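These notes are about the structure you will find just below.
The shown structure was predicted, so the numbers you read here are calculated from the model rather than taken from an experiment. Values reported hereafter were calculated over all heavy atoms of this structure, with side chains retained and with hydrogens, waters and symmetry mates removed. Quick note on labels: first sequence line is chain A, next is B, and so on, each numbered from 1.
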2 protein chains.
Amino acid sequence: MTEQQVIDALGALAQETRLRILRYLVSKGQVGAAAGDISAQVSASASRTSFHLSALADAGLVTATRVSRSIIYRVDFNAMGSLIGYLVKDCCKSDPRVIRCC
Amino acid sequence: MTEQQVIDALGALAQETRLRILRYLVSKGQVGAAAGDISAQVSASASRTSFHLSALADAGLVTATRVSRSIIYRVDFNAMGSLIGYLVKDCCKSDPRVIRCC
DNA sequence: CTCCTATTTCAACAACTATTGAAATGTTGC
DNA sequence: GCAACATTTCAATAGTTGTTGAAATAGGAG
C-alpha cells in the first residue's frame, strides 16, 4: 500500500456520512447493500449518497456491483485490513501501546 | 472515543506532510522532536510545519511541551491506539480479515 | 536591555470538498 | 416502445483546507 493510497483511504473515512456508510456496510458483510438502501439508512439524498459511495469506492474501501436495477455496495475488508495494518506497522512501528488496542 | 474525535483524527492523518510528521515523531518515541527539527526533516517551512503540528495536536494525536526556546512534540501512542482500536472494533466489528493485518 | 533563536500567528489567496436539486443514464416489466 | 424505478452526473454554490511570506510572541545569552 503506497503512502498516497493510505492518505486517500484516511481521507475517505474522515467524513461523517462516509463513516456511517462504512459502518452500515460492515454490518451487512458479504451481502452488502443497494445504494437506495444505504441512502435511507444514513438519511442522505440519493445524489449525496452516490457522491460519498464514489469517494469510498475511489479510495478502494468498497466495491460496487450492478445487480438488476440496483447497485450493491460491499466493504472490502482486505482493503480495510491493509489500511489498519499500515497504521499499526509502518506508521506506528507496532508499538505495544497501539497493538494493545486491537 | 466519540465519532467526531475519530473523524478529526482521521482527517489529521489524511495529509502528506502530517503523515510524514507523525512517522518521524513515531521514530523519535518518548524523546520527541522540536518543531524546528521536524520542519527540517519534512522539508517544510516553519509556518507550514507549525500549522500541521497544530492540526495534529488539535486532533489529540501529538502533545506539545515547551522546553526552553524549543517546543517538543511527541506522538500520543495511546491516542493512536484508541483510533486504531475504534477502526478495528467499533467500525470493522473485529472482522478476522482486518484483525489478521495487525 | 538588546540581540538572537525558536516558534506561532496572521492575512491573502488558491485549491479542494460537500450539498443541493435538476437532468441524464441504465434496467426491468408490460 | 413506454412507463416506472434505481442510480449517477452535472452545475452552482458555500464552506473548508493548505500555502506563502511577513509580522508578532516568547525565551535565553551577553
Side-chain heavy-atom pair A:Ile38, A:Leu25 within 4.5 angstrom cut-off: yes
Side chains of A:Arg74 and A:Thr65: does their closest heavy-atom pair fall under 4.5 Å?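 Yes, their side chains come closer than 4.5 Å.
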Residue list, side-chain hydrogen bond (donor to acceptor under 3.5 Å, both in side chains) with [X], at least two apart or on another chain:
X: B:Thr17; answer: B:Arg48
X: A:Arg66; answer: none
X: A:Arg97; answer: A:Asp95
X: B:Asn78; answer: none

Specify the residues of residues 29-44 of chain B, ordered by number, for which at least one heavy atom lies under 4.0 angstrom from an atom of DNA chain C.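 Nucleic-acid contacts, sorted: B:Ala34, B:Ala35, B:Gly36.
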Which residues in residues 47-55 of chain B have at least one heavy atom lying under 4.0 Å from any atom of DNA chain C? B:Ser47, B:Ser50
Only counting residues at least two apart or in another chain, list the ones meeting side chain to side chain contact (heavy atoms under 4.5 Å, CB included) with A:Ala14.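 A:Ala14 satisfies side chain to side chain contact (heavy atoms under 4.5 Å, CB included) with B:Leu10 only.
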Taking only residues at least two apart or on different chains, which pairs with a member in residues 24-35 of chain A satisfy side chain to side chain donor-acceptor pair (under 3.5 Å)? A:Tyr24-A:Asp37
Specify the residues of residues 66-75 of chain B, ordered by number, for which at least one heavy atom lies under 4.0 angstrom from an atom of DNA chain D.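 B:Arg66, B:Ser68, B:Arg69, in order of number.
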Without decimals, in angstroms, what is the distance between A:Asp58 CG and C:dC16 P? 15 Å
Outermost DNA chain D nucleotides near chain A [under 4.0 Å, heavy atoms]: D:dA4 to D:dT9
What residues form a salt bridge (charged side-chain N to carboxylate O under 4.0 Å, His left out) with B:Arg20, not counting sequence neighbours?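 With sequence neighbours excluded, B:Arg20 shows a salt bridge (charged side-chain N to carboxylate O under 4.0 Å, His left out) to B:Glu16, given in chain and number order.
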Look at the side chain of A:Ser70 and the backbone N and O of A:Ala34, then say whether any donor-acceptor pair between them is shorter than 3.5 Å. no
Side-chain heavy atoms under 4.5 Å apart, restricted to Ile/Leu/Val/Met/Phe/Trp/Tyr: what other residues fall into the cluster of B:Ile72, or is it alone? B:Val67
Walk me through whether B:Val26 and B:Phe77 qualify under side chain to side chain contact (heavy atoms under 4.5 Å, CB included). CA-CA 8 Å; B:Val26 166; B:Phe77 284 98; 4.3 Å; yes
